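Below is one structure, written out as structure tokens; comments come after it.
As the structure is a computational prediction, the values presented were derived from the model and not from experiment.
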Amino acid sequence: MSVRYWRKKAVLAKIETAYGVDAAPLATANAMVVSDVTQTPLAGEEISRDLYVPWLGEQKRYLVGNYATLAFSVEFCGSGTAGTAPKWGALLRACGFAETVAAGTQVIYELASEGHESLSFYYYDDGVLHVMLGARGTVRIETGAKQILRLAFTFTGLLGPISDAALPSVTYTGWIEPDPISKVLTTFSLHGYAAGTERITLDVGNVVGKIELINREAIEITDRKVNGSVVIEAPLLAQKNFFATALAHTTGPIALTHGTVPGKITGISGPALQIGRPTTARGNDGKSMLTVPFWALPDAGDDELTFFAK
């Protein structure tokens, strides 16, 4: 009897040329450096024949609408070279973002309402290979002081073969070591106010679902609602009155930048965030804290949130 270990995993992902057609990701080119992995290898629905018979009891059920999910986090760090797409860029592209590369300068990822790309995943779980095709997903950030900035992805994909397979010999070229969040390396502002910030939560909020019809099967992104919240040191109203901002339904920008060295600079920006209902609380160190929820609104369409690597 063989023993399998939870931490022995490999995740390969590659953009598909044709939807749902295996892009055959390679361990030497498409390996992802991941943490916080969770998987649902066989999701879907169950139906019964619901027969009336002369006895009581359960009846055979059929597994229909089958699909798989895979969730994990990656470090939100650049490629090491400004203007070179980071490895996690393929993941954002399958979350409804379009990639634009300015060679030698930066790579930006802007939201799109159509033409969403898809991924083929090979998920090696210490001796068992799960293939997931036509995958699309959503992404969120949940971070704070003294942490590593990460992107947390959740993907849904068409169910592919499941088979015994040895772990591949992966190459992680293109992934560089991150720097933890700090005052020196990280800046953040909401509606132009740079508060002492304890926590940032930001969710792209894609609505992702399995479409299964006669003659068609797909995973699709059908909507998104970018939202989040921040926990900050509560300011005097003269410094920033988030209550008045909320009541006035005023929109304003968000900006997060991490890193100072070209090739390791990443961040997000958005032009039109609406503030929700702020709440106050006592912080762990006795300070007054303010939790400010928000929603990111499109300004000119498909521009409510941008990721970048410089």
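Pairing each heavy atom of R140 with each of T201, the nearest pair is NH2-CG2, 3.3 Å. Residues Q59 and R49 share a closest heavy-atom pair of OE1-C, 4.1 Å. Annotation for L70 and F121: closest pair CD2-CD2, 4.0 Å, computed over non-hydrogen atoms. Between V170 and A31, the shortest heavy-atom distance links the atoms CB-CB, 4.0 Å. Taking every heavy atom of both residues into account, T143 and L149 meet most closely at CG2-CD1, 3.5 Å. Minimum heavy-atom separation, S229 to T291: CB-CG2, 4.5 Å.
With rounding to the nearest 0.5 angstrom, the CD1 atom of I232 is 7.0 Å from the CG atom of L190. Between the OG1 atom in T138 and the CD1 atom in I221 there is a gap of 7.5 Å [rounded to 0.5 Å]. In this structure, OG1 in T197 is found 12.5 Å from NZ in K183, a value given to the nearest 0.5 Å. Remark: K146 NZ to S182 OG distance equals 12.0 Å, nearest 0.5 Å. Remark: I200 CD1 to I254 CD1 distance equals 7.0 Å, nearest 0.5 Å. Atoms NE2 and OG1, from H191 and T251 in turn, are 6.5 Å apart once rounded to the nearest 0.5 Å.
Partners of E212 under the salt bridge (charged side-chain N to carboxylate O under 4.0 Å, His left out) rule, at least two apart in sequence or in another chain, are K210. Residues that satisfy the salt bridge (charged side-chain N to carboxylate O under 4.0 Å, His left out) test with E99, not counting sequence neighbours, are R93. E114 is linked by a salt bridge (charged side-chain N to carboxylate O under 4.0 Å, His left out) to nothing, counting only residues two or more places apart in sequence or in another chain. Partners of F307 according to the ring pair (Phe, Tyr, Trp, His ring centres under 6.0 Å) rule, which considers only residues two or more places apart in sequence or in another chain, are F76, F97. For R216, the salt bridge (charged side-chain N to carboxylate O under 4.0 Å, His left out) partners at least two apart in sequence or on another chain are E220. Residues satisfying the ring pair (Phe, Tyr, Trp, His ring centres under 6.0 Å) test with Y109, not counting sequence neighbours, are W88. Partners of Y122 under the ring pair (Phe, Tyr, Trp, His ring centres under 6.0 Å) rule, at least two apart in sequence or in another chain, do not exist in this structure.
Looking only at side-chain heavy atoms (C-beta outward), I148 and I181 stay at 4.5 Å or farther from each other. In this structure, the side chains of L63 and L42 come closer than 4.5 Å at one or more pairs of heavy atoms. Between L158 and Y19 the shortest side-chain heavy-atom distance falls below 4.5 Å. Proximity of I219 to V208: side-chain heavy atoms (C-beta onward) are separated by under 4.5 Å at one or more points. V107 has its side chain out of reach of T100: every pair of non-hydrogen atoms, C-beta onward, lies at least 4.5 Å apart. Within the 4.5 Å cutoff, the side chain of I268 has no heavy atoms near those of the F308 side chain. At least one side-chain heavy atom of L202 sits less than 4.5 Å from a side-chain heavy atom of F294. Residues R136 and H116 meet the side-chain proximity criterion, which asks for heavy atoms closer than 4.5 Å.
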Practice problem: Check step by step if side-chain contact (heavy atoms from CB on, under 4.5 Å) holds for W295 and V226. | Solution: CA-CA 6 Å; W295 307 271; V226 182; over 6 Å; no
Exercise. Could you walk me through whether F72 and S35 pass the side-chain contact (heavy atoms from CB on, under 4.5 Å) test, one step at a time?
Key: CA-CA 6 Å; F72 54 83; S35 58; over 6 Å; no
Exercise. Could you check E142 against R150 for salt bridge (charged side-chain N to carboxylate O under 4.0 Å, His left out), going step by step and ending with a plain yes or no?
Key: CA-CA 8 Å; E142 186 170 345; R150 289 185 169 95; over 6 Å; no
Practice problem: Evaluate the criterion side chain to side chain donor-acceptor pair (under 3.5 Å) for residue pair E16 and S118; output intermediate values, then yes/no. | Solution: CA-CA 6 Å; E16 295 174 342; S118 59; 2.7 Å; yes
Exercise. May I have the step-by-step check of side-chain contact (heavy atoms from CB on, under 4.5 Å) for R282 and M289, ending in yes or no?
Key: CA-CA 6 Å; R282 181 184 186 276; M289 305 300 289; over 6 Å; no
Quiz prompt | Working for side-chain contact (heavy atoms from CB on, under 4.5 Å), residues R4 and V128 | solution = CA-CA 9 Å; R4 296 166 60 204; V128 176; 3.4 Å; yes
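Note on residues 291-308: pairs passing salt bridge (charged side-chain N to carboxylate O under 4.0 Å, His left out), not counting sequence neighbours, are R224-D302, R224-E304. Applying the ring-ring contact (aromatic ring centres under 6.0 Å, His included) test to residues at least two apart or on different chains, none of the pairs has a partner in residues 237-267. Here side chain to side chain donor-acceptor pair (under 3.5 Å) pairs that include residues 160-179, with residues two or more places apart or in two chains, are D179-K264.
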What donor-acceptor contacts under 3.5 angstrom involve side-chain atoms of residues 8-15, with partners at least two apart or in another chain?
{"from": "K9", "atom 1": "NZ", "to": "W6", "atom 2": "O", "distance (Å)": "3.1"}
{"from": "K9", "atom 1": "NZ", "to": "Y123", "atom 2": "OH", "distance (Å)": "2.9"}
{"from": "K9", "atom 1": "NZ", "to": "D125", "atom 2": "OD1", "distance (Å)": "2.9"}

When the side chains of residues 273-280 are checked against the rest of the protein, which donor-acceptor pairs come out under 3.5 Å, sequence neighbours left out?
none

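A side-chain N or O of T40 and one of T69 form a donor-acceptor pair less than 3.5 Å apart.
Under a 3.5 Å cut-off, the side chain of K87 and the backbone N or O of A29 do form a donor-acceptor pair.
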